[in-house]
Amino acid sequence: NMDCASVQAKSFSIPGSIAPIEATLRELVAIGAGEVPTGLKTLIPEHTHLVSFSLNNGVAKAIFDLNLESGGGGACRVGAIRAQITKTLLQFPSVQQVIISVEGKTPEETLQP
């Protein structure tokens with residue numbers, strides 16, 4: 001039985017930034033689908049872009065372009081994408097909750113199987 005929400009942590013060097021949380025998320029998205037240098041894979045589709053990011057009172061809101069949902073769905077696949085984004089952001093102590101959405105959709109409509 002595969003746990004679709006299981007992710008492995010990997011350290012990356014992010015160039016100096018005044019917004020390290022957003023920079024880390026942008027780095028995750030920039031990897032795109034395929035091999036990362038360590039041989040791990042991401043299910044975030046290639047050409048996905050982070051449209052906006054905000055962090056207020058512990059709530060991180062990430063809005064992506066429509067490419068986030070390209071390549072088909074399936075409960076396991078969308079669960080894995082959601083887990084990668086969420087766990088990447090929750091590594092930062094100032095993030096307590098993550099809200100993911102796609103441009104033009106509510107968070108509830110986003111990443112549905």
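All values below were derived from every heavy atom in this structure, side-chain atoms included, with hydrogens, water molecules and symmetry-related copies excluded.
- Taking OG of Ser101 as the reference point, atom CD of Glu109 lies at 10.0 Å (rounded to 0.5 Å).
- When hydrophobic clusters are built by joining Ile, Leu, Val, Met, Phe, Trp and Tyr residues whose side-chain heavy atoms come closer than 4.5 Å, directly or via intermediates, Leu50 is grouped together with Ile21.
- For the atom pair OG (Ser94) and CD (Gln96), the distance works out to 7.0 Å, reported to the nearest 0.5 Å.
- Contacts of Thr86 classified as side chain to side chain contact (heavy atoms under 4.5 Å, CB included), with partners at least two apart in sequence or in another chain: Arg82, Leu90, Val98, Ile100.
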Original post:
Stepwise, does the side chain to side chain contact (heavy atoms under 4.5 Å, CB included) test hold for Glu69 with Lys105?
Top reply: CA-CA 11 Å; Glu69 296 182 319; Lys105 291 187 175 186; 2.6 Å; yes
Original post:
Given Lys87 and Leu89, is the side chain to side chain contact (heavy atoms under 4.5 Å, CB included) satisfied, shown in steps?
Top reply: CA-CA 5 Å; Lys87 291 180 180 181; Leu89 293 173; over 6 Å; no
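- When all heavy atoms of Ala75 and Pro113 are compared, the closest pair comes out as N-CB, 3.4 Å.
- Shown are Thr48, Ile85, Leu68; of these, the side chain to side chain contact (heavy atoms under 4.5 Å, CB included) with Val29 is made only by Thr48.
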Under 3.5 Å donor-acceptor pairs involving side-chain atoms of residues 55-65, not counting sequence neighbours:
unit_1, atom_1, unit_2, atom_2, d
Asp65, OD1, His49, N, 3.2
Asp65, OD1, Asn67, N, 3.2
Asp65, OD2, His49, N, 3.4
Asp65, OD2, Asn67, ND2, 3.2

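- The hydrophobic cluster containing Ile99 does not contain Phe92, counting ILVMFWY residues as joined when their side-chain heavy atoms lie under 4.5 angstrom apart, directly or transitively.
- Between the side chain of Gln91 and the backbone N or O of Thr88, at least one donor-acceptor pair lies under 3.5 Å.
- Panel note: side chain Thr110, backbone Thr106; a donor-acceptor pair is recorded below 3.5 Å.
- The two residues Arg77 and Pro45 come nearest to each other via the heavy atoms NH2-CG, 3.7 Å.
- In this structure, Gln84 contributes its side chain and Leu43 its backbone to a donor-acceptor pair below 3.5 Å.
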